[in-house]
Every structure is written in structure tokens, then in C-alpha cells.
Protein chains: 2
Amino acid sequence: MATGRTHRPATRSRGIPEATVARLPLYLRALTALSERSVPTVSSEELAAAAGVNSAKLRKDFSYLGSYGTRGVGYDVEYLVYQISRELGLTQDWPVVIVGIGNLGAALANYGGFASRGFRVAALIDADPAMAGKPVAGIPVQHTDELEKIITDNGVSIGVIATPAGAAQQVCDRLVAAGVTSILNFAPTVLTVPDGVDVRKVDLSIELQILAFHEQRKAGEEAAALDGAVPAPAGRDDSRTDRTERTGRTGGTDQGPDGDVPAVMPA
Amino acid sequence: MATGRTHRPATRSRGIPEATVARLPLYLRALTALSERSVPTVSSEELAAAAGVNSAKLRKDFSYLGSYGTRGVGYDVEYLVYQISRELGLTQDWPVVIVGIGNLGAALANYGGFASRGFRVAALIDADPAMAGKPVAGIPVQHTDELEKIITDNGVSIGVIATPAGAAQQVCDRLVAAGVTSILNFAPTVLTVPDGVDVRKVDLSIELQILAFHEQRKAGEEAAALDGAVPAPAGRDDSRTDRTERTGRTGGTDQGPDGDVPAVMPA
DNA sequence: AACTGTGAAGTACTTCACAGCA
DNA sequence: TGCTGTGAAGTACTTCACAGTT
């Protein structure tokens, strides 16, 4: 797919930072909640609090979409919901297939947030013949043999992989060959895909390990605070590793698209 | 949001960038795979490919931990596994509780990666009295009433919230009050926590929405290619994107530690 | 008076490119 | 020679702070 800056001046200067894109769903969720409570307008300060980010960041983010607010007043909730939905491509309905209907796959199939958020589970696919025909979340599971046909017939471009790690790459290859260009991968594996295909990864053990890192550091600091002179919680450092005082982050409430590395780049 | 962060002068600088921390689990997984195949050493180039990042980034990341490689040779696999495990705090076993044993909670409980990666499911907790005593993944579910006792008795500092959104904040408050200082939140809600408590969020619908954004953009570019001046070659194309070392692997897609905003959700 | 939108300044992360060591 | 380790340069993101608008 087109790489580089494909010169497209017609619409507003495209080029929304990836970090901003990653926060739009957050804003959308907060706005949807406000909308359900029939709140007509909201200030950047209020909305930012609801989304768990700071208001300067939110305003900057919105400035990439256009000027949708009113100075002295704030943002019209309904209007913003529409604009962000449109920007995210949620004004259309994306058919999605879930491959691998184990515990996790079933949980995903049962997730209620699909329909309401621009997605539709087009099919559930599993390699186990015994699963075939069994309904999960009201949708009959189909066998992997049908994969290509399902993708084609339904015009599916987004696939969710919830298989064991060993099967993930193969499933991925078949999805891509059949026309899928965006993949959400729950298997603990790095997927190799051709250019033009986006992959995002969700991985429980990685998240836990990151928490463990910070948890350990907290323990270390407590210990250090007690004796001041000799740190060294069990199994600490061999010698050289350097260290600096921790950087500010953490602690508080910034669960936003945290300092992670964007998983996907549109190249 | 650094709170009154105790400044620790004595020890030298341990300021591992958050982005680096988020990638350590990735390296660890790749190294573990190499270790299982009894590979003794690995170069930054090879390991980077296996982890899905580029080699300069990997070397820089490792440089924050110390100098664990050998010039002209590479890294000793076992030694690196140990060093990274230690850095992440995985040389100890973290007891974890999962609250909310619906589809997702059960999937998490059944997830095999815990034990092998430094974590142990200390307890499963659910608010439904009918669930109490029922074994899930071989562990009997306990009622929410027991939450505080469970946390205290097991010295749990990491909690996983897999409840419906409406219950998440309340569960979070109780976990924190009982002593939990790290939370992995699967509920589609922004949690408010005191300083010193880390929250990481995993949210399926957010991930899908980010994919939809890019998917939509691809569609838009195709359309633009049809009428525009530049006839973009279907599929391929590399305009001027740097042709760095393309290790046949992951074409352009960097599945780094997800950046940012993970996603999933309970029933 | 209240609140948005945005240049400019600041910070974090990535990539380059090469010195230095085994 | 081959590959690590790292300053320096480059890029992306965040935050500040205030001019502009209703």
C-alpha cells in the first residue's frame, strides 16, 4: 500500500499522530457515556478527566481533526461523537472473524461491545471438527477449512487470532492470503506479514511482566527508604548496571496510551 | 504524576525508559525460545528479528541494563534470560488474583503462561454466590466477601480485574485498600487510583478501533489512487521509505509492545 | 469570563553511524 | 573481522502558555 506521504491535499492535512489515533477510542467512549446521560456540551477539562488524560493533550489531539469546539463554551457532545466515529471509520460496520474459539475466543465472541462500536462478528472459526456447528454467543462455529470462503463471501478485512501460539502464523498467512489486511493477535507470537497489513498485539503476560517490573521497583524503594545506606533487595545487581532516579510517570492515573510503542505503523 | 518520589542518590542511575521496559518481555520470550532450542549465543540482529524490532533499538535497550554482550560475538542466551528476568522481577513468583470469573476471567485463569513466567494464580474471585466453590482451571472460585482476606493472607500485590465495567472501580478500590499496588484492568473503564498504584489497561474495542482507522485509510488511498495523478502500483510499493535491513521478516509492521492502548473486555 | 486552538519549548524515544573490543 | 555499545542527530509526542473567540 502506498507508503510515504501520499500527496492528498484534498482533505485536511492527513497525518494524525499515531498516539492521537490511539486515544480517539478513549475519547469516544467517554463521549458516548456523556451522550447517554444527555449531556449537551463538555469542556476539554471535563472530557479529559473522564478519559483519563490531561486537557492540553486532548485539545491538541482534537486540533488534528479540525476545530470542532466553541471557545468559551466547549465541545458539542453529539457532534464530537460523530466526528470521531467518522475519523475512526466507525460509521461503517466492519465484519470481523475470530479464529480460535477456545476460552479466549469464546470470551471475545461474547463481548458485547462489538455491535455498538462499529464491528460485527461475521464468523467464528476453529480447527477442532468437534466444535463445528456448535453455537458460541449465538453464532455457529465453522471449521478452518471454510476460512477462505468466509473471508471472501463476507468481505472481511479484519481478523482476530485467538489460537494457540503454534497455529497463529499459519492462520495469519491464510487470513492475509484471503484478503484480510488488519489483524488483532492474541497469540503470544510475533507475526510476520507483508507490507500493507497491520498487526496489533494483545498479550497478557507482557502486561503482567511490565507491572512486575514496577512492582519490584516499588519494593526496592521501600527497602532503600528503611536503611538509606545499603540498598540491595534480594538478588539485586551484580555490579555495574547503572541507575537513575525514576522518571516521573506512573503512580497516578495516566492509563492512557501509555508509554508503549505503537504496535502498528501504516508505513 | 510522580508523587513524593524518594530521591535515591547513592545508587546510580537506573532510568530504564518505559518504552524499553515494555519491550523486555518481548526479548525474554524470544530468548526463551532460543534457550529451548539450546542456542548458545545470538547476535543483536538475529534476536531483534525474532522479537520483531530493529537491532539498533535492541542494542540501545540492552545498554540500559548493562553490557551483557560480547563484541564480535553476540549475547549469551542463558545469561541474558537471567538478566532480563531479574530486571523484570521474574526471579520471584508473583501471586496474582483474578476478579470477575466470566468468560474472560475463565480464559485468563486457564492461560498457561502464568507459572512459566513468574506469576501464580493465587485466587479467583467472583461476586456471584453460585460460582463460589466451583473450580475453574482447577482453582475453586471464592466469593467477593473474601477479597480482603485473600489479598492479605497471600501477600498479593498484583490484581487482574475482569469484571463488567460497572463493578470495576469498586473492585479496584477494595483491591487497593487491601494492599494491591498493581492492577491489570480488562474492564472498559478508566480506573481512579491513588498515587503509587500502577494500572495497565487492556481493551479489545480500542484495539479494533485503531485497526479500523488504518483500514479505512487504506480504502481511502485505493480510491485516491484510481482518480489521482499518481498510479500507485497495487499492493507493493515502497516509495521512499528507507530501505533499511529488511530481514524478510515482518514487513514494515512493528508489533512492538503494543503501544499503547491495549484492549479487551468482559462479558 | 470562560474556554478553545496552537505556536513554541520541553521531553521521550528512535535511528544513525562509528569507535572500540574480542 | 564481526558485532557490541553509545554519543549524536533526528523524529515523535507532550506540555506550556497565551492569543483569539464567543
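Below, all heavy atoms of this structure are taken into account, side chains as well, without hydrogens, waters or symmetry copies. Computed from a predicted structure; not experimentally measured.
Rounding to whole angstrom units, OH of residue A:Y64 and P of D:dA12 are separated by 11 Å. Taking atom CD of residue B:E45 and atom P of nucleotide D:dT1, one finds them 19 Å apart after rounding to whole Å. Nucleotide C:dC3 holds its P atom 14 Å from the CG atom of A:L47, rounded to whole Å. Taking atom CG of A:D61 as the reference point, atom P of D:dT15 lies 11 Å away to the nearest angstrom. Atom OH of B:Y68 is separated from atom P of D:dC3 by 22 Å (rounded to the nearest Å). For the pair B:R23 CZ and C:dT15 C1', the computed distance is 12 Å after rounding to whole Å. Counting to the nearest Å, the C1' atom of D:dC18 and the NZ atom of A:K60 are 13 Å from each other. Straight-line distance from the CZ atom of A:R59 to the C1' atom of C:dT4: 7 Å, rounded to whole Å.
Considering only side-chain atoms of A:T70, the nucleotide from D:dT22, D:dG5, C:dT14 that sits closest is D:dT22. If you check D:dG20, D:dT14, C:dT15 against the side chain of B:K57, the one that comes closest is C:dT15. Considering only the side chain of A:A19, D:dT14 comes nearest among D:dT14, D:dC16, C:dC13. Considering only the side chain of A:S63, C:dG5 comes nearest among C:dG5, D:dG5, C:dC3. Of the candidate nucleotides C:dC13, D:dT4, D:dT21, C:dC13 has the atom lying nearest to any side-chain atom of B:E18.
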Should B:E78 and B:Y82 be marked as a side-chain hydrogen bond (donor to acceptor under 3.5 Å, both in side chains) after you check the CA-CA gap, both sets of side-chain angles, and the distance that decides it?
CA-CA 6 Å; B:E78 297 301 331; B:Y82 170 72; over 6 Å; no

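B:R217 and B:H214 are not linked by any side-chain donor-acceptor pair at a separation below 3.5 angstrom, with hydrogens and angles left out of the test. A donor atom on one side chain and an acceptor atom on the other are found under 3.5 Å apart for A:D203 and A:S205. Under 3.5 Å, the side chains of A:R86 and A:T91 contain no donor-acceptor pair of N or O atoms.
The only member of B:L90, B:T32, B:L24 that meets side-chain contact (heavy atoms from CB on, under 4.5 Å) when paired with B:I84 is B:L24.
Judged by distance alone, the side chain of A:W94 and the main-chain N or O of B:L211 form no donor-acceptor pair under 3.5 Å. At distances below 3.5 Å, not a single donor-acceptor pair connects side-chain atoms of B:T70 with backbone N or O atoms of B:V73.
Of the side-chain N and O atoms in A:S44, one or more sit less than 4.0 angstrom from OP1 or OP2 of C:dT4. Between A:N54 and D:dT14 there is no side-chain polar atom (N or O) within less than 4.0 angstrom of OP1 or OP2. For C:dA22, the OP1/OP2 oxygens have no side-chain nitrogen or oxygen of B:Y75 closer than 4.0 Å.
Atom CD of A:E45 sits in a sparse spot, with 12 or fewer heavy atoms from other residues, nucleotides or ligands closer than 6.0 Å.
The C1' atoms of five pairs define one axis at each end of the helix from C:dA1-D:dT22 to C:dA22-D:dT1, and these two axes lie 10° apart (to 10°).
Residue-to-nucleotide contacts include a donor-acceptor pair under 3.5 Å from the side chain of B:R71 to the base of D:dT4.
Where A:G72 and B:V73 each meet DNA chain D at their nearest nucleotide, the meeting point lying more 5' is that of B:V73.
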